[in-house]
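Indexing begins at 1, ligand by ligand and atom by atom, following the structure's order. Count residues from 1 along the sequence.
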Amino acid sequence: MFELAPLDTELAAIEVIREVLVHQRRLRGSGCTGRICLRCIRHHRNAIAEAMTRGRTLEFLLPAFPTKSPNPAKVLGPLPDLAEELALRFLESLCERMAEVYPPGARILICSDGRVFNDLLGVSDESVTRYAHEITRMIDRIGATHLGQFTLDEVYPGADHAELRARLTASHGPHPDELRAEVRQGGDLVHTYRGITRFMVEDLSTPEYAGSRAALQRQCRELAYKVIARSRAWDELLAELFPDSVRLSIHPHPCSTRKIGLLLADTPDVWLTPWHSTAVDTGDGRFTLMKRAEAEAAGAQLVTARGRPSHLVLPRVHATVPVLATGAAHHER
Ligand SMILES: [Zn+2]
């Protein structure tokens with residue numbers, strides 16, 4: 001068994017959490033301070049040190065990579081492309097850096113939540129299945145040995161897709177009325193609710209949508225409550241199934257709480273995720289995430305790889321897209 005002296009364990013635990021917090025996604029007013037938040041380090045230190053004392057591989061859990069947005073103005077298509085690949089490579093490199101500090105290393109289990117929500121987003125179950133399958137293939141292709149994927153399909157074997165969602169919400173979900181009351185009271189959930197509503201309006205504003213803008217807003221506010229309810233149910237289920245894992249999230253979280261918000265890519269808009277946008281080569285060999293339509297309006301051209309759309313490349317003259325420096329903690333705007 002790998003063993004560290006007590007003081008070394010303490011130092012290694014701090015160093016491992018620092019590696020994660022370098023990429024922390026923060027909410028303005030979250031309480032985090034400094035480039036690397038000391039209070040967040042202190043909050044997660046004991047759990048990491050405990051795992052290290054036992055010589056165990058550190059386990060991280062990240063609900064993410066659900067399915068591509070159905071909106072063709074944002075993404076190149078329904079399957080994972082370079083946007084996902086860059087994010088997976090980033091997660092793998094994060095694990096490699098942790099293994100340099102602590103040789104038994106770390107693993108990140110990606111808990112793909114596509115099946116949890118897809119009916120609300122207007123995405124078919126087949127699309128979710130193909131997306132998840134391609135993520136697994138991508139993990140293999142890029143040799144990301146520290147990453148794995150877990151989906152709702154594995155929780156209730158034999159159940160059909162609608163039944164999976166029904167069983168999840170029946171066993172773990174809050175009622176949307178509870179969430180409505182929580183949003184009315186204000187607090188952290190309001191940001192989430194507004195963010196999700198905004199995203200859903202964007203995602204469902206497809207060329208096929210025929211209704212009014214106001215009706216779409218109304219519909220998306222209702223859907224947002226359902227998304228949050230399902231998300232909480234998924235979250236609780238994961239906590240039950242993986243009690244010892246450190247929880248990562250693509251959303252910002254307040255200082256010193258159970259989850260660490262993580263940025264998957266350098267992008268001027270921290271709300272963009274690889275599955276809501278397109279990887280764009282800014283012309284100087286660096287990549288950022290942009291909505292497809294915005295990048296194309298700036299003159300970006302499509303690049304294909306292995307016979308599929310991969311990413312966009314901007315002409316050099318446009319290579320002034322603001323790309324945030326790696327290593328800075330990013331505040332929500
Ligand atoms: Zn903090």
TODO: Identify which one of Lys259, His172, Arg230 satisfies the side chain to side chain donor-acceptor pair (under 3.5 Å) criterion when paired with Asp235.
DONE: Lys259
Task: Stepwise salt bridge (Lys or Arg N to Asp or Glu O under 4.0 Å) test for Glu154 and Arg115 - done: CA-CA 11 Å; Glu154 294 163 62; Arg115 191 77 71 207; over 6 Å; no
Task: Within less than 2.8 Å of the Zn ion (ligand 1): protein N, O or S atom count - done: 4
Task: Carboxylate-amine/guanidinium contact Arg89 Glu92, below 4.0 Å - done: no
Task: Donor-acceptor contact below 3.5 Å, side chain Ser205 vs main chain Val201 - done: yes
Task: Within 6.0 Å of CD in Glu163, more than 12 heavy atoms from elsewhere - done: yes
Open item on the list: Could you tell me if Arg107 sits above the aromatic ring of Phe60, with its cationic atom closer than 6.0 Å to the ring centre and no more than 45 degrees from the axis?
Closed with: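 No, Arg107 does not lie over the aromatic ring of Phe60.
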